[in-house]
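Reminder, nothing fancy here: chain letters follow the sequence lines and each chain counts from 1.
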Protein chains: 2
Amino acid sequence: MTRIRHQSLDCSPGCAVEATLQLIDGKWKGVILYHLLQGTLRFNAIRKRLPNITQRMLTTQLRELERDGFVLRTVYPEVPPKVEYSLTARGRTLEPVILALKAWGDEHTEFRHGPEARADQNGILSPAAKGTE
Amino acid sequence: MTRIRHQSLDCSPGCAVEATLQLIDGKWKGVILYHLLQGTLRFNAIRKRLPNITQRMLTTQLRELERDGFVLRTVYPEVPPKVEYSLTARGRTLEPVILALKAWGDEHTEFRHGPEARADQNGILSPAAKGTE
DNA sequence: CGGTATCCGGGCGGATACTG
DNA sequence: CAGTATCCGCCCGGATACCG
């Protein structure tokens with residue numbers, strides 16, 4: 001696994017764009033990073049924020065983020081186990097990128113798929129823990 | 001088709017991040033957008049900048065970008081045919097996002113596959129410096 | 001020149017069951 | 001609680017051939 005996808009990075013100067021995209025690609029990585037920008041989270045805490053992600057996928061994506069040096073995984077040898085995920089310094093350098101993505105989405109995306117998806121028992125964390133940009 | 005991937009956008013506030021990512025995802029879209037930021041390009045002109053993209057893929061990605069309202073396709077009824085691609089106003093709103101991706105890549109990516117790929121026949125934008133390890 | 005049509009392998013990611 | 005293991009469908013995207 002490890003999200004190889006395909007690594008033909010022999011493109012032009014735009015190469016850097018591709019390279020970055022491949023790192024935060026993966027269907028869930030962007031959102032995970034976004035949530036971790038707001039602070040350390042436990043495994044199931046992240047799950048609550050991504051209602052549709054499967055356990056397997058969350059693990060996979062987190063492992064890849066960890067492998068890429070964006071996320072720090074801290075295991076507390078307790079019973080029951082407790083694992084916390086936080087951003088590394090390198091992970092935090094992605095903040096402008098993530099925020100740019102979010103800003104654009106907020107500005108130009110309309111969510112049209114009925115009102116049912118708006119039901120969200122959140123309030124877990126302050127959603128505006130950071131500036132709008 | 002059209003890059004459906006999967007549209008379970010019922011995520012939390014980070015949803016906008018996902019939404020944006022899905023639009024510029026697709027292995028080549030980011031780079032294509034990047035190059036089009038620099039001006040109108042003909043089909044084969046784009047191909048030259050993406051040495052590894054296949055004709056089919058370039059067409060597909062351009063069609064999706066067009067369908068998403070990012071790219072304008074102009075056909076000149078000549079012989080031989082001439083088709084130009086340019087960004088729409090909406091497409092240009094992605095500029096900060098693309099530039100954020102490129103900036104991060106320039107700063108944090110090392111291209112490890114020999115010095116041959118450093119040959120850029122055009123310093124269109126700021127080529128910036130490659131990062132340290 | 002700028003496509004389209006078709007075939008096809010592989011990875012991506014979902015579902016489910018089991019573990020420490 | 002926080003995983004791992006396994007099975008498997010489906011989409012992504014490459015290769016190739018042909019068309020206006």
S.K.: In whole angstrom, give the distance that lies between atom CD1 of I53(A) and atom C1' of dG3(D).
M.R.: 14 Å
S.K.: Judged by atom type as modelled, is there a donor-acceptor pair below 3.5 Å linking the side chain of T88(B) to the main-chain atoms of G69(B)?
M.R.: yes
S.K.: Which nucleotide wins on minimum distance to the side chain of K27(A), given the candidates dG13(D), dG14(C), dG3(C)?
M.R.: dG14(C)
S.K.: Looking at R49(B) and A45(B), would you say the former's side chain and the latter's main chain have a donor-acceptor pair under 3.5 Å?
M.R.: yes
S.K.: By a strict heavy-atom criterion of less than 4.0 Å, which residues belonging to residues 69-76 of chain B are in contact with DNA chain D?
M.R.: none
S.K.: Tell me, which pairs form a ring-ring contact (aromatic ring centres under 6.0 Å, His included) where one or both residues lie in residues 51-87 of chain A, sequence neighbours left out?
M.R.: F70(A)-W104(B)
S.K.: Salt bridge check, K29(B) against D25(B): does any charged N sit closer than 4.0 Å to a carboxylate O?
M.R.: no
S.K.: For the helix from dC1(C)-dG20(D) to dG20(C)-dC1(D), what angle lies between the axis at the first five pairs and the axis at the last five pairs, to 10 degrees?
M.R.: 50°
S.K.: Tell me: CZ of R47(B) to C1' of dG3(C), nearest whole Å?
M.R.: 10 Å
S.K.: Rounded to the nearest angstrom, tell me the gap between atom CD1 in I46(A) and atom P in dG3(D).
M.R.: 9 Å
S.K.: Among I46(A), V31(A), L65(A), find the one that has a side chain to side chain contact (heavy atoms under 4.5 Å, CB included) with L36(A).
M.R.: I46(A)
S.K.: Polar-atom pairs under 3.5 Å, protein N or O versus N or O of nucleotides 15-20 of chain D: list them with distances, or write none.
M.R.:
from	atom 1	to	atom 2	distance (Å)
dA15(D)	N6	R56(B)	NE	3.2

S.K.: Any side-chain to backbone donor/acceptor pair from T20(B) onto L101(A)? Under 3.5 Å, distance only.
M.R.: yes
S.K.: Rounded to whole Å, please give me the gap between NZ in K82(A) and P in dG3(D).
M.R.: 13 Å
S.K.: Using side-chain contact (heavy atoms from CB on, under 4.5 Å) as the criterion, list what pairs up with E107(A), not counting sequence neighbours.
M.R.: none
S.K.: Using side-chain contact (heavy atoms from CB on, under 4.5 Å) as the criterion, list what pairs up with V75(B), not counting sequence neighbours.
M.R.: R73(B), V83(B)
S.K.: Is there a donor-acceptor pair closer than 3.5 Å between any side-chain N or O of R47(B) and the backbone N or O of T54(B)?
M.R.: no
S.K.: Whole angstrom is fine here: how far is it from CD in Q61(B) over to P in dC12(D)?
M.R.: 10 Å
S.K.: Where the side chain of Y85(A) is defined as all heavy atoms beyond and including C-beta, which of dG3(C), dG14(D), dG3(D) is the nearest nucleotide?
M.R.: dG3(D)
